[in-house]
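Reminder, nothing fancy here: chain letters follow the sequence lines and each chain counts from 1. Computed from a predicted structure; not experimentally measured.
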Amino acid sequence: MDQSVTTQSQDLHRTEADTAPVATDELIEADDLVEEVSIDGMCGVY
Amino acid sequence: MPASRPEPPAPPDADRGLDLDRPWTLHSQVSVRPEPFGALLYHFGTRQLSFLKDRRLLDVVRALESSPDARAACTAAGVTDTQLPRYAKALATLAHSSMLVERTVTR
Amino acid sequence: MTATSVTASPATAQPAPRLTDLFELGLDSPICLTWELTYACNLSCTHCLSSSGRRDPRELSTAEAKAVIDELEAMQVFYVNIGGGEPTVRPDFFELLDYATAHHVGVKFSTNGIRITPEVARRLAANDYVDVQISLDGATPEVNDAVRGAGSYDTALRALANLADAGLRNAKLSVVCTRHNIAQLDEFKEIADRYGAQLRLTRLRPSGRGADVWDDLHPLPEQQRVLYDWLVANGDQVLTGDSFFHLSAFGAPLPGLNLCGAGRVVCLIDPVGDVYACPFAIHDEFLAGSVREPAGFTGVWRQSELFRRLREPQQGGACASCTFYDSCKGGCMAAKFFTGLPLDGPDPECVQGHAEPLLDRRGALPKPSGDHSHRTAPAARSGPVPLTLTRRPDLDRPPVSACDESPLAGLRLG
């Protein structure tokens, strides 16, 4: 639901983190150093 | 345009880390912008933005060019042995999206 | 993040921030920005977001534009989205394009294709830092030309053909989604594929002349669903300029950042150098300053009071209690503003239908700050205006002449 970024890395699913306790292992997995997104066309004009 | 962009060697699997014993470098079409929270990398060929969530990772990336291999770049940036797998995985993610390429030419 | 966060417990760990969270708080430099180089345009599209047509005599000179590019380079802005008007009609367009890319500022420009000759196409294909967007708002001449003007369909397709022939891969076919072209999405994709181009769909906004046609052109509620499903099915093969995040309230978020970057990570520089929060918000309410001020664009970006406010955490207002607020973020600021809706309430095209009662009782609509539309036809008049000359009833004699030398001229006693 909150996966609002197209990502190739292990992004943090914050909604899940906010609503349910997250095991430490999962947090480490989520705590990635890189997040990637395509910004092609961002802020465009018509 | 991407058409003239030199294709990097087969990218490593991001989940498995990358070969730390080989020389790596930033892709020539990547621009690096330091930020208080780390750095932003923009690739003009793929129009991808990579967000480095850590200044040390930026130091590693910057050390790649002048290091004989990725392991040496990590050491130069102060990455400890216990931290190494995490940084290797981050580098693999960057290589997977062509932000990093293997340095094949001897300079 | 350092090693300490790896070993810390989830309760105390500071989770690594997400890109979107940081973007919402704003950056010291934009990621990219829209730069409209001129109000001049050979077309008069009915939905033009900047009410373009005629050049403004105050437009930035070549030297001023280059000074802006120098600033963007120093700020490490990754690229500019150049638009207009029709940017390629500026005589110095290619000079500025080459200057920007030579100074490490990437250029993506939007054009109706009028100047994309085979020769120009070859020149563009040779520059790795240039991206071209050809505008087309109908997959057939009938649908397109009704909005963009007679002949504009052929112009756009000729430009696409020239770019493809020149070997330029991944040109963008840029489509504004309207009530009349939602049924043509597959056809647009076919056109893009035919020319080795990538399809880019963006949202119609009630900005500029778009305010006049919004009620007739914006997709109907059932079409919003069709569009959402189509975007989900086509994934990141299709670009959206992040303009459809209000549709994310249908279900899973669409690919992209899904946030409003206005004044936070993007902005607009208009042809006369005014800086607005967003290209769709050309109104005094969203005017942050001018690149002509002493502190330049950098000063506006970093010190504008408006931008500071936009970078504060947003509360969601009337939308805060909606379960979909996390995905749609209340929608588009400009769309709300120009349809007369409060900025802290639902988007006019809220897919949950929350805007409909508000739209039914909205008041007067704000007018865009400028209008550079063509004046090809004089204002409509029914004929000569009849005048009857009479004397004001309170005057018993002619008014005092400026040449009257009498000190008592005009004096009335009693």
Side-chain angles (χ1 to χ4, degrees), chain B residues 1-8 17 26-62 74-75 77-91 93-94 96-99 101, chain C residues 1-7 14-23 25-32 73-79 81 101 103-108 121-122 124-132 163-164 166-172 196-198 200 236 239 241 256-257 265:
Chain B
M1 287 291 100
S4 60
R5 175 164 55 91
E7 282 304 317
L26 271 173
H27 191 285
S28 60
Q29 275 188 282
V30 171
S31 176
V32 177
R33 187 168 112 180
E35 297 283 347
F37 47 77
L40 293 171
L41 269 52
Y42 180 64
H43 193 310
F44 284 95
T46 64
R47 323 286 165 184
Q48 282 265 329
L49 190 72
S50 288
F51 166 31
L52 310 190
K53 304 189 181 191
D54 178 292
R55 287 306 282 247
R56 179 155 290 152
L57 179 57
L58 174 61
D59 293 341
V60 172
V61 165
R62 284 178 158 166
C74 289
T75 307
V79 175
T80 64
D81 285 352
T82 48
Q83 293 170 327
L84 196 56
R86 188 156 168 258
Y87 281 84
K89 187 163 164 254
L91 292 176
T93 302
L94 294 173
H96 188 78
S97 55
S98 307
M99 293 285 177
V101 288
Chain C
M1 292 285 94
T2 60
T4 50
S5 66
V6 175
T7 49
Q14 185 75 30
R18 297 179 316 157
L19 203 52
T20 45
D21 296 335
L22 292 165
F23 279 11
L25 300 174
L27 300 177
D28 289 343
S29 303
I31 295 290
C32 60
E73 179 185 23
M75 294 176 85
Q76 287 199 272
V77 174
F78 293 123
Y79 67 94
N81 291 289
T101 57
H103 286 77
H104 312 105
V105 178
V107 170
K108 174 190 286 252
R122 283 192 291 275
L124 293 170
N127 190 331
D128 278 354
Y129 294 87
V130 174
D131 228 346
V132 190
L163 292 170
L168 190 143
R169 301 283 304 159
N170 275 326
K172 310 296 182 288
Q198 191 172 16
R200 175 176 184 268
D236 49 18
L239 303 171
L257 280 170
V265 297

Would you compute the distance between atom [atom1] of [X] and atom [atom2] of [Y] and round it to the nearest 0.5 angstrom?
X: B:R47; Y: C:D131; atom1: CZ; atom2: CG; answer: 4.0 Å
X: C:I31; Y: B:R33; atom1: CD1; atom2: CZ; answer: 5.0 Å
X: B:F51; Y: C:L19; atom1: CZ; atom2: CG; answer: 5.5 Å

Exercise: identify the closest heavy-atom pair between [X] and [Y]:
X: B:P34; Y: C:Q76; value: CD-OE1, 3.6 Å
X: B:F44; Y: C:H104; value: CZ-O, 4.2 Å
X: B:S28; Y: C:Y129; value: O-OH, 4.0 Å

Residue pair C:L22 / B:E35, side-chain heavy-atom distance below 4.5 Å:
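A side-chain contact under 4.5 Å is absent here.
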Part of [X] within contact of chain C (heavy atom distance under 4.5 Å):
X: B:L57; value: neither
X: B:F37; value: side chain
X: B:V79; value: neither

